[in-house]
Amino acid sequence: MPLPWRPSNVQDNGITPSQTVGPFFKYGMTPTGEYAWNDAFTNSTLTPDVTGDRVRIEGCVFDGDGATVPDAMLEIWQADAQGRFADPQDKRALPNASFRGFARCGTDKDGNYSFDTIKPGVVPDPDGKPQAPHVVLAVFARGMLRHLYTRIYFSDEAGNAADPVLALVPADRRATLIAVREAGKAVYRLDLRLQGDGETVFFDV
């Protein structure tokens, strides 16, 4: 709701992204050595017994004005390389017994994030159809009363073409979900845009 008054020294430059919540996530949940307590989780899912291709996922978070977000928090949840989840609902054997598939990180002062993990395997959807390897991503940021959910797919996976969830996304917006592999490196890059031009596709959960 607009204010019924405006200070005379404030210029109206149009609507800007909401700043009503936070930034508390970086301070409270991703201290990364800046504050006097330890992180409950890190940006790495890697464990001594984990098998599979080790990769890094990285990118930058942008707000609706195209500015970087230096205090967002991101969480990932994924299957292991065999497509198994570290969850009681997954009754299959877990060859990677210590792998938990969960990691958390805050963006740095330039809005960058990164996760060190393994490339997940194929997992079935509720109807048993195979889903292309992907990582579930939650985004927490200032101005958002509810966090956002999206997915990270991998550019070099042939299974993307038949993925039932990716097929629900308009073709011209699927690139917002696909992390592109850097040449010669086990690094995938995906920038996140919270709104505006090129907005990342987010899902109702």
Side-chain angles (χ1 to χ4, degrees), residues 15-47 50 54-80 85-87 98-120 123 133-154 165 169 173 175-180 182 186-205:
I15 297 174
T16 59
S18 172
Q19 304 292 313
T20 57
V21 176
F24 305 120
F25 304 113
K26 185 173 183 178
Y27 177 83
M29 302 178 76
T30 60
T32 57
E34 295 182 45
Y35 312 109
W37 57 86
N38 297 323
D39 286 290
F41 296 94
T42 73
N43 70 330
S44 175
T45 70
L46 301 176
T47 54
V50 72
R54 298 189 176 206
V55 298
R56 168 166 282 207
I57 302 169
E58 61 183 34
C60 190
V61 181
F62 297 91
D63 68 12
D65 282 343
T68 58
V69 182
D71 45 29
M73 183 179 77
L74 284 69
E75 295 179 344
I76 60 170
W77 168 244
Q78 66 169 89
D80 67 10
F85 288 97
D87 187 279
S98 298
F99 181 76
R100 291 292 172 262
F102 178 87
R104 172 188 291 158
C105 77
T107 52
D108 66 15
K109 62 182 179 60
D110 298 314
N112 297 309
Y113 76 91
S114 66
F115 289 101
D116 293 310
T117 187
I118 57 166
K119 205 171 186 184
V123 298
H134 66 276
V135 173
V136 176
L137 175 70
V139 182
F140 303 75
R142 63 171 91 179
M144 299 185 340
L145 297 178
R146 297 181 63 184
H147 49 287
L148 302 172
Y149 289 102
T150 189
R151 285 186 170 194
I152 299 174
Y153 290 87
F154 300 89
V165 174
V169 179
R173 298 194 64 199
T176 69
L177 302 177
I178 299 176
V180 178
E182 295 186 5
V187 177
Y188 293 83
R189 182 171 185 87
L190 181 66
D191 292 337
L192 304 171
R193 299 183 185 277
L194 301 184
Q195 59 180 168
D197 294 340
E199 179 180 330
T200 299
V201 171
F202 298 104
F203 296 96
D204 290 328
V205 177

Chemist: Closest approach of Thr45 and Ala103, non-hydrogen atoms and distance?
Modeler: CG2-CB, 3.7 Å
Chemist: Taking side chain as C-beta onward, heavy atoms only, is Val50 less than 4.5 Å from Asp80?
Modeler: no
Chemist: Not counting sequence neighbours, which residues clear salt bridge (Lys or Arg N to Asp or Glu O under 4.0 Å) with Arg193? List them please.
Modeler: none
Chemist: So Leu74 and Val61, do their side chains get closer than 4.5 Å, heavy atoms only?
Modeler: yes
Chemist: How many angstroms lie between CD in Gln78 and CD1 in Ile57, if you round to the nearest 0.5 Å?
Modeler: 6.5 Å
Chemist: From Ile76 CD1 over to His134 NE2, what is the distance, rounded to the nearest 0.5 angstrom?
Modeler: 12.0 Å
Chemist: Roughly how far apart are Asp108 CG and Cys60 SG, rounded to 0.5 Å?
Modeler: 7.5 Å
Chemist: Would you call Ile118 and Leu46 a side-chain contact if the rule is heavy atoms closer than 4.5 Å?
Modeler: yes
Chemist: Who pairs with Arg189 by salt bridge (Lys or Arg N to Asp or Glu O under 4.0 Å), at least two apart in sequence or on another chain?
Modeler: Asp191
Chemist: Check Val139 against His147 and note the closest heavy-atom contact, atom names and distance.
Modeler: O-CB, 3.1 Å
Chemist: How close do Val123 and Ala79 get, counting heavy atoms only, and between which atoms?
Modeler: CG1-CB, 3.6 Å
Chemist: Calculate, to the nearest 0.5 Å, the distance between atoms CZ and CZ belonging to Phe85 and Phe102 respectively.
Modeler: 14.0 Å
Chemist: Contact between Leu194 and Phe62 at the side-chain level, heavy atoms closer than 4.5 Å - yes or no?
Modeler: no
Chemist: Can you tell me how far OG1 of Thr150 sits from CG of Leu192, rounded to the nearest 0.5 angstrom?
Modeler: 7.5 Å
Chemist: For Thr47 and Arg54, which heavy atoms make the closest approach, and how far apart are they?
Modeler: O-NH2, 3.9 Å
Chemist: Could you tell me whether the side chain of Asn43 and the main chain of Cys105 form a donor-acceptor pair under 3.5 Å?
Modeler: no
Chemist: Taking the side chain as C-beta and beyond, is there a heavy-atom pair between Val135 and Pro120 under 4.5 Å?
Modeler: yes
Chemist: If you compare all heavy atoms of Arg100 against all heavy atoms of Trp77, which two are closest, and at what distance to 0.1 Å?
Modeler: O-CZ3, 3.1 Å
Chemist: Side chain of Arg151, backbone of Val201: donor and acceptor closer than 3.5 Å?
Modeler: no
Chemist: Could you tell me whether a side-chain N or O of Asp110 sits under 3.5 Å from a main-chain N or O of Asn112, the two making a donor and an acceptor?
Modeler: no
Chemist: Just how far is it from atom CE of Met144 to atom CZ of Phe202, taken to the nearest 0.5 Å?
Modeler: 7.0 Å
Chemist: Shortest non-hydrogen contact from Gly64 to Gln195?
Modeler: CA-CG, 3.2 Å
Chemist: What class does the angle between the rings of Tyr188 and Phe154 fall in, given that below 30° is parallel, 30 to 60° is tilted and above 60° is perpendicular?
Modeler: perpendicular
Chemist: Under 3.5 Å, side chain of Thr107 to main-chain N/O of Ala72, donor-acceptor pair present?
Modeler: yes
Chemist: For residues Phe203 and Val169, determine if any side-chain heavy atom of one lies less than 4.5 Å from a side-chain heavy atom of the other.
Modeler: yes
Chemist: Can you find a heavy atom in the side chain of Leu190 that is under 4.5 Å from one in the side chain of Tyr113?
Modeler: yes
